[in-house]
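Working notes, beginning with the structure itself.
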Amino acid sequence: MFYHRLEKLFATTVRACTVVAVFILALVIFLIFRESLAIFQEVSVKDFLFGAEWRPVSHHPRIGLRPILAATLALPLVALVLALPMAVGAALFFAYLCPGPLRRPLRSLIDIMAGIPSVIYGMLGLVYLIPLMENLFSMSSGDSLLAGGVLLAIMVLPFMISVMAESMEAAGSQYLEVSKTLGVSHLYMLRELILPLSLKGMIAGAVLGTSRAMGETMAVMMVVGNSPLMPDSLLGRVKPIPSLIALEMGSAPLGSQHYHAIFGAGFVLLMLLLGINLLFYWLRRQIESRGEVS
Amino acid sequence: ACGNGGGSGDTAAEDQNFDGELLFTGSSTLAPTISQIADEFQNEFGTWDQVDDSLPAETIQISVSTGGSGAGAKAVLDGTANIGMLARHAREEEREALEEYQEAIIGMDALLMAVNQNNPLGQNRSEITAEEVQNIFSGEWTHWNQVDENLPEEEIVLLVRDVGGGAHGVFQNAMMGEVDVTETAIEVPSMTGLVDRLMNNPLAMGYASFGVAEMHQDDLVAFVLDGVEPSLENILDGTYPVARPLVLVWNGELNPAEAAFMEYIKSEKGIQILDEMGFVPVQ
Amino acid sequence: MTQAIAIKNWHVHYGKTEVLKDISLEIPEKKITALIGSSGCGKTTLLKSINRLTEEEPTATTRGEIQLKGTSIQSLPLEILRRRIGLVFQTPTPFPFSIKKNMEYGIRYHEKLTAKEEVMLIEEKLKMAGLYEEVKDRMNLSAVRLSGGQQQRLCIARSLTLNPDVLLLDEPCSSLDPKSTAVIEETLRQLAKEVSIVIVTHNMAQAKRIADYTAFISNGVLVEVQETEALFQEPKQEETRCYLEGLIG
Amino acid sequence: MTQAIAIKNWHVHYGKTEVLKDISLEIPEKKITALIGSSGCGKTTLLKSINRLTEEEPTATTRGEIQLKGTSIQSLPLEILRRRIGLVFQTPTPFPFSIKKNMEYGIRYHEKLTAKEEVMLIEEKLKMAGLYEEVKDRMNLSAVRLSGGQQQRLCIARSLTLNPDVLLLDEPCSSLDPKSTAVIEETLRQLAKEVSIVIVTHNMAQAKRIADYTAFISNGVLVEVQETEALFQEPKQEETRCYLEGLIG
Amino acid sequence: MKEGVKKHWKDYVLQSWIYASLLVVMAAAAFIFGSIFIRGFSAIDMEFLTASPQGRPLGSEGGIFPAMMGSLALGLISTSLATILGLSVAVYLFLYNQSGKIDAFVRLIVQCIAGIPSIILGLFGYTFFVVLLGFGHSLLAGGLTLSIMIFPVIVINTEKALREMVAHQIMASHALGVSKSYSFFKLVWPARKKDILSGILLGTVYAMGATAPIILTAAVVSASVPNSLFRPVMALPYHLYFMAAERISMENAFGTALVLLSMFFIAYGISFYLFQDRKEEEK
Ligand SMILES: Nc1ncnc2c1ncn2[C@@H]1O[C@H](COP(=O)(O)OP(=O)(O)OP(=O)(O)O)[C@@H](O)[C@H]1O
Ligand SMILES: Nc1ncnc2c1ncn2[C@@H]1O[C@H](COP(=O)(O)OP(=O)(O)OP(=O)(O)O)[C@@H](O)[C@H]1O
Ligand SMILES: [Mg+2]
Ligand SMILES: [Mg+2]
Ligand SMILES: O=P([O-])([O-])[O-]
């Protein structure tokens with residue numbers, strides 16, 4: 001009998017693939033770490049992370065990630081500040097105010113927006129956003145932290161909306177009917193019941209959005225100017241880790257100091273994002289366990 | 001074509017190993033030219049046996065990629081490309097890293113100190129000194145009025161190639177010496193991109209490849225540097241200080257297909273395209 | 001006997017299936033009326049009809065008339081109607097806030113009270129629902145930490161904060177232990193002095209214990225309604241008898 | 001009286017909560033045994049234990065022994081065990097395929113029959129479940145389009161295709177109308193001539209009507225088991241009496 | 001007052017906030033889709049869809065056919081690999097695993113892989129597939145790298161599809177004593193295949209839109225239609241990046257963007273349709 005015999009093979013395949021999947025993560029972390037190890041033999045971890053200058057191929061090479069790291073953190077922060085209020089507002093609409101027939105088309109639209117490849121966003125940024133910045137702020141060149149932040153905000157917005165709307169629905173839908181029996185208006189319910197209930201969902205959306213923004217490469221690279229400066233002004237130019245890798249990796253000779261330094265930067269980024277994801281995982285567990293109590 | 005040293009008995013075995021696809025990687029300055037030549041080559045012959053009847057009847061396929069001169073050297077080193085394109089001399093380390101380093105210089109290029117045609121400085125004068133260039137690119141001077149009191153107090157927007165670009169090293173060595181280029185400069189990942197930004201920003205200054213600048217003569221002002229005009233002759237005889245070679249590098253012997261195409265690059269046709277693209281061919 | 005609510009030839013369809021068929025029923029004032037019937041016969045739907053929650057169901061369509069003290073419920077603004085008719089669901093549905101906030105939720109929307117008046121109102125209603133003594137010292141406790149029975153009484157108290165004329169309860173004790181059930185039954189008996197109550201129950205014994213009148217619904221049709229005693233002793237309809245003897249459902 | 005199944009000192013934990021505590025119970029052969037008890041007392045868990053479906057629940061751990069005709073169920077290969085012990089769930093669980101495919105599902109895995117034998121087997125089992133006449137002309141109809149009662153009978157028939165020795169039913173009639181219920185009850189009475197049946201029910205009347213023996217479980221503990229008549233007339237335990245009088249649950 | 005609705009000032013604030021947000025989102029959507037459609041449409045003609053990039057600089061004329069094929073090939077390879085891996089993990093969690101701890105652990109890992117930024121995957125793909133395993137800059141290396149990127153998406157989407165499977169039906173299948181593979185192939189797959197497939201399709205377009213992972217592993221500026229796993233390929237997103245960042249031709253960049261976006265719409269259309277279909281069935 002075919003299926004009796006298949007069972008063993010199927011079960012083994014399924015198990016083996018799961019093990020492989022688990023090992024992929026380990027392999028990624030290990031390899032990136034291994035390739036970056038050499039740089040820490042030349043530069044101390046502290047100097048690497050907090051050194052003030054990134055000049056890997058100068059006559060006097062200096063490998064300091066401080067301005068790069070600061071930009072890596074500043075960009076998603078700017079994006080978050082811009083996107084969060086709008087994401088919450090729009091998510092409320094999609095979860096509780098959207099008229100029935102519009103619901104699915106609009107939600108699909110948001111999903112599609114969340115899936116647009118980032119080069120397309122980058123191209124639009126290059127063509128429309130940068131000249132706009134130049135005109136608005138009379139900048140001599142529109143490439144800037146702000147341009148990157150705005151573009152990232154637009155990119156993560158649909159993603160955050162979709163995460164938040166889902167969690168808002170999950171958090172509030174069981175109380176809708178009860179609230180109605182108390183004769184209160186829809187808006188009253190939204191602000192007194194749904195908003196407080198969605199708090200953790202909103203945090204989750206914000207965290208996930210931030211982590212996306214932090215790892216984003218192509219779009220950001222096309223609008224931030226890529227000068228390794230401290231992000232001390234919104235209109236200043238910056239160079240975050242993903243841009244650094246994309247720009248410099250191509251030319252860093254295999255095994256050179258520059259090459260290892262790039263992997264070092266990549267490892268820092270990887271750790272940052274894994275950290276954020278663990279945080280998110282913990283947060284979601286909190287939310288779920290709260291769900292059980294009620 | 002390649003030497004027909006092998007007996008005809010080996011042809012079958014050769015056919016098996018024959019590799020009719022080539023990948024060039026490296027200089028963004030050189031890439032458009034090589035792909036142009038490759039395009040002509042493919043159109044003219046189609047299959048390898050048309051080039052040389054000792055080669056099998058496989059379709060000619062030549063891919064060209066960019067990433068800067070550094071990427072070219074690296075790709076040959078890690079074996080991901082057949083031939084690397086460099087818009088500078090290969091560095092000592094790069095030569096040493098390759099066991100059997102081989103190169104061919106196919107042309108010359110220069111870096112012009114250029115500004116937008118509406119740039120205040122460009123409209124005032126046509127000359128610049130090496131010292132001024134150094135002051136500007138090191139970040140000593142940040143506004144145009146520091147270059148010349150009569151100019152408006154507006155920011156100088158510096159455009160440079162990223163560290164992977166051949167131009168980066170050439171400019172550093174020829175103009176800056178030990179002084180670093182300021183961090184406030186905008187890094188553009190290709191020469192065409194750099195020139196494009198130059199054409200669109202009246203406050204910008206940058207170093208433009210002679211070849212690329214040629215194509216946009218009307219939109220740019222290229223300065224005479226320390227009294228030397230960036231002309232064909234001055235570049236060829238080395239009087240213009242920021243000149244650079246266009247180099248193809250590879251490791252070991254060329255295979256038959258590589259050799260056949262290399263021949264074509266050096267042929268009349270190749271030279272003509274190089275010339276059309278604004279570079280100075282060398283034999 | 002005055003009526004709190006009069007239902008006249010009431011029909012409800014979900015999509016194409018008719019779940020309530022030509023129901024006509026009068027709910028007497030300040031009495032407890034029990035609705036019994038097998039699962040899926042339409043009891044919940046009838047309760048929802050009375051405070052127009054059926055309107056929130058996308059597929060539901062209704063026909064007929066329901067009056068609250070002589071006024072058609074259609075003509076009343078929704079908020080006023082739902083203020084006057086409270087509804088408590090089968091599963092306790094406290095909001096996941098503190099006890100205090102649960103109680104304030106409805107009040108703050110409908111009324112402008114001083115802090116003191118509010119505290120007093122909340123206290124009064126918790127007492128009416130028989131919950132006050134148990135929670136008075138921990139009003140800031142999250143309501144979801146209360147026991148099931150306490151949660152259900154909190155929901156009743158929350159409904160009472162709006163001073164409704166009618167209170168509808170949908171199997172309020174089905175998920176509770178016997179002790180909580182007894183407390184809630186006592187609470188309802190007390191409340192019936194001031195409020196008209198309709199209670200859906202699947203527990204015959206409970207209907208016998210607390211209801212003044214009992215209505216039996218089968219398959220969307222109102223089979224009969226009588227004083228509770230009479231209905232259980234001598235049902236007029238054969239169908240009711242079968243149901244009570246456990247032959248159906 | 002021979003036993004089909006013997007449960008000995010059986011414990012089940014979900015995570016840290018013990019939901020079945022030291023259950024010892026014997027299921028007589030070719031009789032109907034009813035399990036009664038309030039919601040959440042562990043009836044479903046007991047049924048799942050018998051054909052080792054508890055093993056599919058990630059958090060469940062078990063202790064004790066269960067025997068099928070004298071052999072420990074642990075020692076039987078899972079496939080054989082589940083073939084010999086069928087289980088029908090509370091909510092009808094037809095697969096979203098045609099009636100025919102639903103019936104073939106189990107057969108095709110366990111046996112190699114010719115097309116003709118298969119058709120005959122399916123026909124026979126549909127007849128045993130009292131469904132044949134209603135569906136014989138539309139075997140290719142999607143099973144989800146059947147009525148609830150028909151779906152449930154289909155699930156019974158599907159279990160029967162494997163010729164089980166024991167059939168476990170978890171409140172099979174709870175979502176059905178009285179007529180379907182009557183049909184299924186009749187079906188079960190017929191089946192009991194050949195198969196040992198365990199049925200969970202929350203309907204006392206149903207237990208009275210069809211069960212030979214009745215076991216009462218409360219809070220994970222087996223309170224008592226007797227012949228049905230005896231249990232309902234004179235329960236030995238006070239707790240059983242309370243439950244039967246409707247004081248609990 | 002209409003319907004007795006009392007509006008608090010906070011209600012006005014909330015309402016304006018919600019609608020302002022909605023307006024911004026809709027305006028952004030309209031702008032993005034509008035500009036790409038309008039500008040992209042004028043760039044697209046038969047030649048654009050069927051020819052190779054031409055002109056000087058390369059890509060300023062001609063079409064994007066090899067890039068379309070390259071992207072399809074990358075999508076196909078990455079999807080097949082990721083599907084095997086992703087489906088296995090989802091099925092393992094759903095049917096086989098009986099430990100809550102393993103479940104949580106595997107989910108955490110999948111979540112973490114989903115969180116690895118694509119550029120880091122590119123770095124990984126370069127060191128592992130390109131250099132260590134010696135696949136070179138190639139279709140295979142790019143496909144493998146992309147498959148790691150989309151595999152968590154497939155796990156998550158498949159999981160979602162499986163979770164909609166009524167738990168009781170699975171239990172009923174177990175109760176019939178059949179094996180798990182039988183349950184999967186005869187019950188779960190027929191019942192949920194449309195959802196699973198639409199989840200996979202979304203993974204495919206996600207792979208086809210990614211740039212960062214393929215820069216270092218697979219993509220080149222110019223190559224023929226892919227014909228070997230060990231050759232580099234052109235890809236739509238990288239071509240788009242090249243056109244836009246190097247300012248070769250904004251018109252063609254928009255055209256490429258529109259083609260890329262159309263693939264998205266087609267995929268969403270198919271999955272929308274599959275979804276619709278299922279809803280109908282359930283009635
Ligand atoms: N929102 C809905 N859409 C479609 N059908 C519904 C909906 N709500 C209820 N029904 C159907 O209407 C019928 C009556 O449902 P109702 O909830 O009123 O029954 P009930 O008497 O309260 O049952 P129970 O005792 O199980 O609570 C049932 O057949 C049910 O399936
Ligand atoms: N998978 C599970 N994980 C954790 N707890 C469970 C699980 N299944 C059941 N329980 C718990 O075990 C207890 C017994 O459940 P069980 O389903 O056996 O009760 P039951 O007697 O069948 O109830 P009902 O009459 O409502 O069907 C309940 O408290 C239930 O909440
Ligand atoms: Mg109900
Ligand atoms: Mg149960
Ligand atoms: O030609 P580049 O090396 O400067 O890109």
Side-chain angles (χ1 to χ4, degrees), chain A residues 88 92-107 164-204 283-294, chain C residues 44 47-48 50-59 76-98 101-111 142-146 148 151 154-164 166-170:
Chain A
V88 173
L92 271 178
F93 175 84
F94 287 112
Y96 291 107
L97 288 173
C98 189
L102 283 180
R103 221 177 155 78
R104 281 201 50 215
L106 282 185
R107 286 290 278 271
M164 287 185 186
E166 212 164 278
S167 80
M168 280 179 183
E169 271 174 356
S173 53
Q174 49 177 325
Y175 302 110
L176 283 187
E177 221 173 21
V178 200
S179 173
K180 278 176 189 149
T181 64
L182 293 171
V184 302
S185 73
H186 206 63
L187 281 172
Y188 180 82
M189 178 190 74
L190 284 186
R191 73 181 151 85
E192 294 297 319
L193 185 64
I194 303 297
L195 268 184
L197 282 184
S198 323
L199 192 65
K200 279 189 177 163
M202 289 190 272
I203 294 174
L283 255 178
R284 203 172 52 180
R285 285 254 302 242
Q286 293 297 104
I287 293 169
E288 276 166 9
S289 67
R290 189 188 63 165
E292 265 166 35
V293 175
S294 53
Chain C
T44 302
L47 288 198
K48 285 190 177 172
I50 297 174
N51 76 349
R52 286 172 61 190
L53 268 180
T54 38
E55 290 175 15
E56 314 286 346
E57 304 277 354
T59 57
L76 283 170
L78 210 52
E79 298 188 1
I80 308 276
L81 173 74
R82 292 192 181 153
R83 230 192 122 159
R84 290 179 57 190
I85 305 182
L87 174 56
V88 174
F89 291 95
Q90 179 167 12
T91 36
T93 48
F95 299 132
F97 304 141
S98 69
K101 276 207 169 162
N102 264 280
M103 294 296 288
E104 289 167 358
Y105 186 84
I107 304 176
R108 295 223 167 147
Y109 181 75
H110 291 285
E111 271 170 296
S142 170
V144 293
R145 304 221 178 274
L146 293 174
Q151 286 186 7
L154 177 64
C155 292
I156 296 175
R158 192 175 57 190
S159 289
L160 293 177
T161 55
L162 307 182
N163 296 316
V166 181
L167 191 58
L168 312 172
L169 301 117
D170 192 358

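Chain letters run A, B, ... following the sequence lines, proteins first and then strands; every chain starts at 1.
- If you measure heavy-atom distances from Arg84(C) to chain A, you find no contacts under 4.5 Å at all.
- Side-chain atoms of Leu197(A) and Pro96(C), non-hydrogen and from C-beta on, do get closer than 4.5 Å to each other.
- Ranking Leu81(C), Thr93(C), Leu168(C) against chain A, the residue ahead of the rest is Thr93(C), based on heavy-atom pairs under 4.5 Å.
- Using a 4.5 Å heavy-atom threshold, the side chains of Phe97(C) and Leu193(A) count as touching.
- In this structure, the portions of Tyr105(C) lying under 4.5 Å from any heavy atom of chain A include both its backbone and its side chain.
- A 4.5 Å side-chain heavy-atom check between Leu92(A) and Met168(A) finds at least one atom pair inside the cut-off.
- Heavy atoms of Phe95(C) lying under 4.5 Å from chain A belong to its backbone as well as its side chain.
- Neither the backbone nor the side chain of Pro58(C) comes within contact range of chain A; no heavy atom of the residue lies under 4.5 Å from a heavy atom of that chain.
- Contact annotation for Leu87(C): both backbone and side-chain heavy atoms come within less than 4.5 Å of a heavy atom of chain A.
- Ser179(A) and Tyr188(A) form no side-chain donor-acceptor contact under 3.5 Å, judged by distance and modelled atom types alone.
- The pair Lys180(A)-Glu55(C) does not count as a salt bridge, with every side-chain nitrogen at least 4.0 angstrom from each carboxylate oxygen.
- Under the 4.0 Å criterion applied to side-chain N and carboxylate O atoms, Lys101(C) and Glu192(A) are not assigned as salt-bridge partners.
- With a 4.5 angstrom heavy-atom cutoff, Ile85(C) touches chain A only via backbone atoms.
- Leu176(A) does not touch chain C: none of its heavy atoms, backbone or side chain, sits under 4.5 Å away.
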